[in-house]
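Please read the structure below before turning to the comments.
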Amino acid sequence: DGKDQIELATKPRAKTQRPPLYKVLLLNDDFTPMEFVVHVLERLFNMTHAQAIEVMLTVHRKGIAVVGVFSHEIAETKVAQVMELARRQQHPLQCTMEKE
Ligand code: TYC
């Protein structure tokens, strides 16, 4: 019947390409207030207050943590937004991105 032909005609040639994802990482420092970091996580990463506290404390204890995973463009925007909020308040908070 025609079913085999349809399957042959639509057989994928190679693994489907997915756009690479990027981890957005927040770095600890000794000066940025905990409340500011919590605010940034709530505001830019759509975390609840409880989630934001938990992630902030992970960064504080471990030195670094992933705060989200995004497409390259969104990750770049998030990093720029974190850095801009920190700069405006003169906090040394650092945020970076890394291919997953
Ligand atoms: N270590 C900072 C303090 O004790 C708090 C902090 C947490 C700073 C997370 C940055 O990404 C950070 N005030």
Side-chain angles (χ1 to χ4, degrees):
D1 58 32
K3 186 169 175 288
D4 290 327
Q5 280 197 329
I6 290 163
E7 285 186 7
L8 283 168
T10 58
K11 186 176 178 182
R13 293 188 169 279
K15 283 189 179 170
T16 303
Q17 295 288 334
R18 281 195 207 72
L21 293 175
Y22 292 79
K23 298 182 281 194
V24 171
L25 300 152
L26 203 60
L27 280 72
N28 187 40
D29 66 74
D30 292 338
F31 305 103
T32 304
M34 290 184 171
E35 267 313 314
F36 177 79
V37 178
V38 170
H39 169 78
V40 165
L41 293 172
E42 288 174 326
R43 182 84 183 272
L44 298 178
F45 296 92
N46 302 312
M47 294 184 195
T48 65
H49 192 65
Q51 285 173 328
I53 289 171
E54 191 177 307
V55 172
M56 180 280 294
L57 286 174
T58 300
V59 179
H60 178 70
R61 291 192 193 111
K62 297 183 69 178
I64 192 165
V66 176
V67 297
V69 178
F70 306 97
S71 69
H72 188 272
E73 187 178 355
I74 300 294
E76 271 195 333
T77 302
K78 296 289 180 189
V79 170
Q81 287 172 334
V82 171
M83 298 301 282
E84 176 62 13
L85 282 181
R87 189 198 62 77
R88 267 158 46 184
Q89 305 291 319
Q90 298 186 293
H91 296 313
L93 183 63
Q94 293 294 309
C95 184
T96 187
M97 62 192 271
E98 179 180 287
K99 198 171 182 177
E100 205 176 46

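In each ligand, atom 1 is the first atom listed, and ligand 1 is the first ligand listed.
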message: Are the side chains of I64 and L26 in contact, using a 4.5 Å heavy-atom criterion?
response: no

field: Shell of residues surrounding ligand 1, defined by a 4.0 angstrom heavy-atom cut-off that is strict
entry: L26, L27, N28, D29, T32, M34, V37, M56, V59, H60, L93

message: Strictly below 4.0 Å, N to O, side chains only: are E98 and K23 in salt-bridge contact?
response: yes

message: Could you report the tightest heavy-atom contact between M47 and V67, atom names first, then the distance?
response: CE-O, 3.5 Å

- prompt: Parallel, tilted or perpendicular: which fits the ring planes of Y22 and H72, with parallel below 30° and perpendicular above 60°?
  reply: perpendicular

- line: Taken to the nearest 0.5 Å, the spacing of E54 CD from T48 OG1 works out to 8.5 Å

query: Within a strict 4.5 Å, meaning less than it, do heavy atoms of the L44 and V82 side chains meet?
result: yes

